[in-house]
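What follows is a single structure, written as structure tokens, with notes after it.
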Amino acid sequence: MNSSDKLLGRLLGRQPEPADEPQAQLPAQAVGLQLVLDPKGRILTSSGPLRHALAQLPPSDQPHHLLDYALPGCALALEGHPADWSAQVLDLDLRGLGGKTLHLRGWVQSCGSQWLLQLLDIGDLVQQRQQALSREQWQIFATQINEQIRLCTLSRLPDVLHDQLADLARYSHIPCVGLALLDDEEQTWVLHSGYHAHDAPRLWQDGQVLGNGLDSLSGNAPLHLNHIQGLNEHPRLQGIFGHREGFLVPYRDAHGVAAWLLCGCYAVQQQAPHLLERDWLMLTAALAEPLLGRLREQHNHLHLERLEALQGLLGAGWWELCPETAEIQLASQLVASLQLPDSHSRLPVQDWLELIHPADRSELASRLHALTLGKPLLLCVRLPGPDPSLPPRWYRLQGQSLGRGEQQRFLGFMLDISDIKNQQQQAAAAHARLDNLIASSPAVIYVQRYVEGALQPSFFSASLQPLLGWSLEDCSAASLADWVHPEDQDLYFQRCRQLLREGSVHARYRLRDRHGVFHWVMDEAKLLRDDLGLPVEAVGLWLDVTEATLAAEQMRQSEERYRILVEDSPAMICRYRPDLTLTFGNRPLAAYLECTAEELPGSNLGQWLSAEQREGFERRIQRLSPEFPLSTAEICLQLPGREHAWWVWSDRGVFDEQGQLLEIQAVGRDNTEVRRAQLQLMQSAKMATLGEMATGLAHEINQPLNVMRMAIVNVLKRLNSGEVQVDYLTDKLHRIDTQVQRAARVVDHMRVFGRRSEVEQQPFNPAQAIEGTLSLLAEGMRGKGIELRISELGFEVQVLGFVDQLEQVLINLMVNARDALLGQAQRPDFKPWIAVHGQRDEQRVRLWVEDNGGGIDPRLLERIFEPFFTTKPAGVGTGLGLSVSYGIVENMGGRLSVSNGADGARFCIELPIAHADQITR
Ligand code: ADP
């Protein structure tokens with residue numbers, strides 16, 4: 001049997017029958033196709049089951065040539081004639097029915113002049129070969145994808161992945177392809193990257209969250225999603241695939257399904273019939289495995305970057321100790337943060353210790369040694385910086401040993417904690433200061449813990465001991481209340497309730513100390529609450545106010561005493577505002593004003609003053625200042641049912657910080673009687689003066705009377721002689737008239753002089769008083785041979801007072817001068833004179849009355865103003881003239897003084913010049 005027979009036998013699975021008939025008698029075969037060919041290769045007959053699978057060629061009168069059935073690929077094998085084809089295996093692709101291709105293998109045998117072509121169907125074999133081929137290409141394609149993804153730079157990874165998906169889509173005719181990855185953090189599937197053919201629906205976009213629909217799938221094998229299977233089983237996938245056909249391939253790694261390749265709008269069986277499920281699994285793995293690796297790499301890279309940035313920012317970094325070489329290795333960030341040279345990333349442990357502050361060095365050395373023995377290290381050390389003026393930086397060193405034996409390593413971490421340390425130190429200092437403050441505070445600071453509505457003492461500052469002698473141990477919630485004075489206990493419990501209700505309280509009660517003595521304490525407490533608003537504790541302080549409380553009590557008592565003093569004082573005491581409204585008045589004042597002391601506040605002092613007095617009063621008050629807060633004056637009041645009352649009134653102004661007058665405190669004394677007595681005294685002095693002047697007056701009146709009598713006698717003589725001439729008569733009558741006027745003037749003046757002074761002082765010109773005095777005295781003086789040297793004042797001024805009173809003063813002085821001069825009358829060649837002259841400056845006017853009567857005995861100078869002092873014989877002198885004069889001048893705000901001049905006494909009346917506002921009122 002030749003080789004072709006063997007092949008046929010193998011193909012048919014049986015021993016080939018020997019060709020016993022030379023004629024091309026077609027044996028009835030159950031398999032394949034048998035064709036009988038003529039020597040030119042034309043088909044004479046056909047048999048075998050496959051003959052029905054051959055294409056129907058158009059009928060022709062000539063038999064069809066085998067080449068008519070052959071497809072282009074196999075035409076080469078059929079070149080020549082059947083005789084040329086014998087002894088070789090023919091692989092023929094013949095046209096089949098319905099455009100199909102029949103893959104056949106066979107050989108020709110000569111049967112006489114004809115040839116028998118035996119053909120068997122090798123479609124399976126061909127398909128297997130094609131499948132193997134396309135799977136091989138598929139593998140190459142997968143390898144390329146894998147490489148591309150593995151080798152590209154991280155920054156190009158998204159583009160490369162997209163390109164690979166696009167290639168895959170094009171290669172396998174997939175309209176929509178996407179790769180879904182499991183997002184570990186969110187535990188959901190996310191479409192990482194996808195590609196859509198330009199005419200395909202856009203099922204997905206990059207980054208789209210796909211939900212958990214993929215979780216339910218088995219993940220061991222690809223899944224077909226079509227209308228026949230799958231679509232209804234996985235309703236959650238329908239949405240993802242837009243209710244279209246699809247194909248899903250899982251990728252599994254050590255942790256489970258990590259990726260799905262999604263092929264949308266894709267009928268895999270039609271488009272890639274040669275590919276097996278494992279081909280798809282392999283391709284998906286080729287895609288997903290390096291991608292996941294790269295993503296992990298990217299993740300680690302980012303993580304590392306972040307870690308490095310963090311270490312840089314914190315001034316932190318790792319270090320590793322190598323005990324064998326006694327070296328320490330430092331992370332580059334640590335080298336930078338410690339401001340060490342780059343070469344110091346690995347340095348001997350000894351050099352490393354040299355960098356540490358001496359205070360911490362030996363401890364670190366011993367801890368490093370302990371670390372090599374397996375004891376974890378935790379230590380805070382200082383590292384002096386390059387600038388010695390700056391404080392050293394603090395680092396926290398932590399270390400531990402990893403692994404065992406040969407593998408053992410000593411790793412650690414170092415962190416800059418200068419900020420925290422500084423804050424700690426500041427906080428500790430502040431704490432110490434606060435502790436000090438609390439301990440040295442004169443107050444007791446306490447904390448009471450809130451336990452189920454009760455407040456239990458949990459802290460007392462050290463000042464409790466010196467204050468009360470107790471300590472925290474002596475005090476439970478119950479005994480704290482025991483310390484409280486029995487009379488104050490209600491108050492104390494009320495304080496606790498108020499503190500809990502309102503959050504803060506202020507109270508004052510008595511606490512008992514260890515020796516049983518009670519102390520007044522002021523209690524200020526606040527309730528602290530937590531975030532939920534629930535009470536946590538009460539913090540408060542006790543201030544010992546015993547002294548202050550006792551002092552306040554003493555003050556109250558003393559005030560009471562003063563009040564009684566004021567109330568019972570015989571003097572009038574009151575307080576009033578600058579507008580004269582009374583704010584307080586004592587009983588004597590009320591008695592004068594005929595009301596009760598309670599009615600006084602609110603009433604106005606001005607109502608008892610005349611308009612002029614009130615003006616004067618207010619003016620005086622206005623002159624008060626913080627520098628000169630005192631003023632005393634005699635005021636005249638119009639009291640109900642009484643004549644004028646004269647009060648000596650002393651004011652003291654009370655001012656605020658700006659010097660503004662707030663209030664006036666006044667003390668008054670009724671001076672009416674004294675005043676009245678004074679007036680009477682003055683009146684009697686006046687009367688005395690008048691009496692004294694009576695002799696002079698008789699002369700004054702006598703003089704005109706004599707002149708008149710002479711004139712009348714002369715007129716009568718003329719009348720009797722009948723030689724009365726009108727001119728003469730007129731002249732005499734004029735003379736009489738002049739004398740009558742003169743007498744009338746004297747009498748007038750006497751009348752005025754005798755009157756009591758008016759109540760209110762009036763402005764007047766002192767020259768007026770001089771003139772009045774002279775009108776009374778001049779004649780008399782001259783009659784006694786006294787020369788009057790009267791100088792004109794030569795200026796116009798006004799003084800305040802009563803003109804008749806000043807006249808009286810001048811009369812007294814001139815009468816006294818006259819008396820002194822008359823006493824000297826016996827001196828030979830004595831020329832007595834009285835001089836009156838005046839002088840002024842800005843403030844004052846001075847009137848001098850001088851004589852040449854020899855003056856006053858210097859020993860008596862001090863006494864002559866005393867009442868009833870006289871050197872004159874009894875019955876002559878009254879001793880009142882000068883003392884009354886003194887009073888008058890003083891009342892006018894002036895001063896009467898005396899001195900001895902060269903020839904005699906020199907009296908000076910000094911008076912204040914009235915202000916313009918006093919004159920115009
Ligand atoms: P009287 O004139 O009634 O004695 P006065 O009070 O007026 O009372 O005077 C008191 C005394 O002062 C006089 O007694 C007199 O001694 C003395 N005196 C007053 N004026 C003069 C004077 N001009 N020269 C000398 N002595 C005088």
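Indexing begins at 1, ligand by ligand and atom by atom, following the structure's order.
Partners of D568 by salt bridge (Lys or Arg N to Asp or Glu O under 4.0 Å), not counting sequence neighbours, listed by chain and number: R587. Scored by the side chain to side chain contact (heavy atoms under 4.5 Å, CB included) test, F865 finds L882, Y886, L896, V898, F907 as partners (sequence neighbours excluded).
The shortest heavy-atom distance from G855 to ligand 1 is under 4.0 Å. Under a 4.0 Å heavy-atom criterion, I856 is in contact with ligand 1.
For the side-chain hydrogen bond (donor to acceptor under 3.5 Å, both in side chains) criterion with Q557, the lone passing option out of E560, E553, E559 is E553.
When each atom of ligand 1 is checked for a heavy atom of A905 under 4.0 Å away, the hits are 22 (C), 23 (N), 24 (N). The ligand atoms of ligand 1 that sit less than 4.0 angstrom from a heavy atom of I864 are 12 (O). Ligand 1 places these atoms under 4.0 Å from at least one heavy atom of A820: 22 (C), 24 (N), 25 (C). Interface atoms of ligand 1 facing A817, defined by a heavy-atom separation under 4.0 Å, are 23 (N).
Taking the six-membered ring for Trp and the full ring otherwise, Y592 and W647 have centroids separated by under 6.0 Å.
Cation-pi check for R620 over F617 is met; the charged atom lies under 6.0 angstrom from the ring centroid and within 45 degrees of its normal.
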Query - Derivation and outcome, side chain to side chain contact (heavy atoms under 4.5 Å, CB included), residues I573 and L589 - result: CA-CA 7 Å; I573 297 174; L589 179 68; over 6 Å; no
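Annotation: T870 places an N or O atom under 3.5 Å from an N or O atom of ligand 1; distance criterion only. Considering backbone and side-chain atoms together, N816 places an N or O closer than 3.5 Å to an N or O of ligand 1.
Note on ring orientation: taking the six-membered ring where Trp is involved, the planes of W848 and H837 are parallel (angle under 30°, cut-offs 30° and 60°).
Taking all heavy atoms of V884, D851, L813, L821 into account, the minimum distance to atom 23 (N) of ligand 1 is reached by D851.
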